[in-house]
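Take a look at the structure set out below.
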Number of protein chains: 2
Amino acid sequence: MKLYLAGPEVFLDDAREIGRRKRDLCARYGFTGLYPLDGEPTLDAAGGPGSGEIFQANLDLLRAADAVLANLTPFRGISADPGTAFEVGFAFALGKPVAAYSNLPGELRHRAQAAIGPLQPEAGAPATLLADGLHVEDFGHFDNLMLAEALIASRLPVLQAAEPAGDPFRDLGLFEQALAALSGARAAGQIKARPVPPHP
Amino acid sequence: MKLYLAGPEVFLDDAREIGRRKRDLCARYGFTGLYPLDGEPTLDAAGGPGSGEIFQANLDLLRAADAVLANLTPFRGISADPGTAFEVGFAFALGKPVAAYSNLPGELRHRAQAAIGPLQPEAGAPATLLADGLHVEDFGHFDNLMLAEALIASRLPVLQAAEPAGDPFRDLGLFEQALAALSGARAAGQIKARPVPPHP
């Protein structure tokens with residue numbers, strides 16, 4: 001069974017090493033890990049692949065996958081990497097279940113309130129209305145509801161750290177816990193290997 | 001022809017008024033605008049819909065749409081709203097072309113460099129390696145390549161402001177320019193109304 005391993009760790013300087021560790025852990029749980037850089041043979045080299053090649057390679061791996069395991073740790077801000085969010089939406093539309101983890105505890109609401117601050121107090125202004133004039137969702141989710149609900153619909157909720165990880169894009173403790181949960185879901189018949197769909 | 005109007009303006013305090021203005025502009029160009037809150041009759045009221053209802057309503061509107069017009073203006077950080085990124089990925093996987101606009105000029109690379117800062121200078125450290133130990137893409141895109149390339153693949157590139165908009169989530173100048181571009185694409189047969197797919 002093939003898992004697409006989405007996440008911003010592809011931007012690490014040692015991204016290929018993290019990918020190797022993730023694939024090794026997948027193998028330990030009987031999965032084949034598909035890591036975004038797998039389809040991009042020369043990303044690190046001068047004259048590496050262009051943006052369009054990376055995009056198509058990632059889409060090919062997503063289409064080949066039976067499920068997705070996404071790192072939705074907030075990336076350079078209060079929310080998940082938008083490239084990973086795109087991939088979660090892409091996979092979910094194709095009917096692939098999505099599991100995820102975040103190496104940062106807490107709710108989007110609290111991160112947004114801390115980062116943006118409240119609106120100047122006004123009579124009746126709700127606590128969800130922030131200084132930028134926009135609300136933040138108040139559903140108790142770890143991030144935007146489209147991401148949180150896609151996981152719930154997949155019956156594979158997010159695993160979230162109890163304490164912030166020291167090295168959030170290299171710490172694979174929750175990644176391994178998610179593999180164990182996916183292994184259980186596989187045993188229960190909840191996720192299944194699927195035939196590769198034809199390219200549209 | 002139906003356009004799903006993705007974007008974080010749904011979080012504005014006057015989100016329904018912005019939705020009404022967006023739908024009115026769509027009608028002026030011969031499109032039917034599907035605004036996320038359209039499927040959520042009581043979002044503003046106490047006891048409004050739950051997170052799962054909003055999610056399903058948005059997916060229903062996305063499935064019903066012929067194309068997407070997304071507001072990818074950076075939202076509470078250096079990148080687009082992750083909920084909008086999810087929706088772009090979802091629609092793109094279903095073969096729906098995606099157009100977009102951003103009311104902030106500039107490249108992701110420059111925003112990331114300004115927000116994160118460079119890594120401590122090291123011999124040979126590339127300029128794309130930032131202080132958090134992760135690289136930023138260097139493709140000249142306005143945001144993550146998965147978003148940028150989905151637009152390129154849709155042959156409906158992002159329209160980006162020349163100067164930052166004063167009120168980036170209410171300014172509809174570029175939204176209207178995108179409608180004009182979509183109207184041209186429709187006239188050229190590049191985007192077409194499709195039958196609504198059955199629910200999976």
Side-chain angles (χ1 to χ4, degrees), chain A residues 8-13 15 50-52 54-56 58-59 62-63 72 75-95 112 115-116 119 125-126 129-130 132-137 139-141 143-150 152-153 167 169-170 200, chain B residues 8-13 15 50-52 54-56 58-59 62-63 72 75-95 112 115-116 119 125-126 129-130 132-137 139-141 143-150 152-153 167 169-170 200:
Chain A
E9 59 270 15
V10 295
F11 301 122
L12 285 168
D13 209 38
S51 167
I54 297 171
F55 176 71
Q56 291 299 336
N58 289 356
L59 296 190
L62 277 161
R63 290 191 188 100
L72 295 178
F75 176 65
R76 293 179 171 163
I78 60 173
S79 278
D81 167 45
T84 304
F86 174 95
E87 292 176 342
V88 168
F90 185 92
F92 188 78
L94 298 182
I116 313 290
L119 195 69
L129 187 55
L130 303 186
D132 57 8
L134 296 104
H135 287 265
V136 65
E137 298 171 1
F139 295 115
H141 292 317
D143 206 326
N144 184 286
L145 77 85
M146 299 305 291
L147 296 171
E149 290 290 343
I152 293 168
D167 195 349
F169 299 105
R170 289 189 181 86
Chain B
E9 59 270 15
V10 295
F11 300 123
L12 285 168
D13 207 40
S51 166
I54 296 171
F55 176 70
Q56 291 299 337
N58 289 357
L59 296 190
L62 278 161
R63 290 190 188 100
L72 295 178
F75 176 64
R76 294 179 171 164
I78 61 174
S79 278
D81 167 45
T84 304
F86 173 96
E87 292 177 341
V88 169
F90 185 92
F92 188 77
L94 298 182
I116 313 290
L119 194 69
L129 187 55
L130 304 187
D132 56 9
L134 296 104
H135 287 265
V136 65
E137 297 171 1
F139 295 115
H141 292 317
D143 207 326
N144 184 286
L145 79 83
M146 300 303 291
L147 295 171
E149 289 292 342
I152 292 168
D167 193 350
F169 299 105
R170 289 189 180 86

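All of these numbers come straight from a predicted model, not from anything done at the bench. By convention in this document, chain letters (A, B, ...) are assigned in the order of the sequence lines, proteins followed by strands, and residues within each chain are numbered from 1.
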Which of [options] touches chain B most, by non-hydrogen pairs under 4.5 Å:
| options | result |
| --- | --- |
| A:Phe75, A:Phe86, A:Phe92 | A:Phe86 |
| A:Asp132, A:Thr84, A:Ile78 | A:Asp132 |
| A:Gln56, A:Glu9, A:Glu137, A:Arg76 | A:Arg76 |

Are any non-hydrogen side-chain atoms of [X] and [Y] less than 4.5 angstrom apart?
| X | Y | result |
| --- | --- | --- |
| B:Leu59 | A:Met146 | yes |
| B:Phe139 | A:Ile54 | yes |
| A:Val136 | B:Phe11 | no |

Closest non-hydrogen atom pair between [X] and [Y], with its separation:
| X | Y | answer |
| --- | --- | --- |
| A:Leu94 | B:Ala93 | CD2-O, 3.8 Å |
| A:Pro82 | B:Ala80 | CB-O, 4.2 Å |
| A:Glu149 | B:Gly52 | OE2-N, 3.2 Å |

For each of [options], tally heavy-atom pairs with chain A at distances under 4.5 Å, and name the one with the top tally.
| options | result |
| --- | --- |
| B:Asp143, B:Asn144, B:Ile152, B:Val88 | B:Asn144 |
| B:Gly133, B:Ala148, B:Gly77 | B:Gly133 |
| B:Leu62, B:Ile116, B:Leu72 | B:Ile116 |

Between B:Pro8 and chain A, with a heavy-atom cut-off of 4.5 Å, which part of the residue counts as in contact: side chain, backbone, both or neither?
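B:Pro8 touches chain A through backbone heavy atoms alone.
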Heavy-atom proximity to chain A below 4.5 Å, by part of B:Ala153:
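For B:Ala153, the contact with chain A is made by the side chain alone.
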Under 4.5 Å from any heavy atom of chain B - which part of A:Asp167:
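A:Asp167 has no heavy atom closer than 4.5 Å to chain B.
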Euclidean distance, A:Asp13 CG relative to B:Leu119 CG, rounded to 0.5 Å:
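Atom-to-atom, B:Leu119:CG and A:Asp13:CG are 8.0 Å apart.
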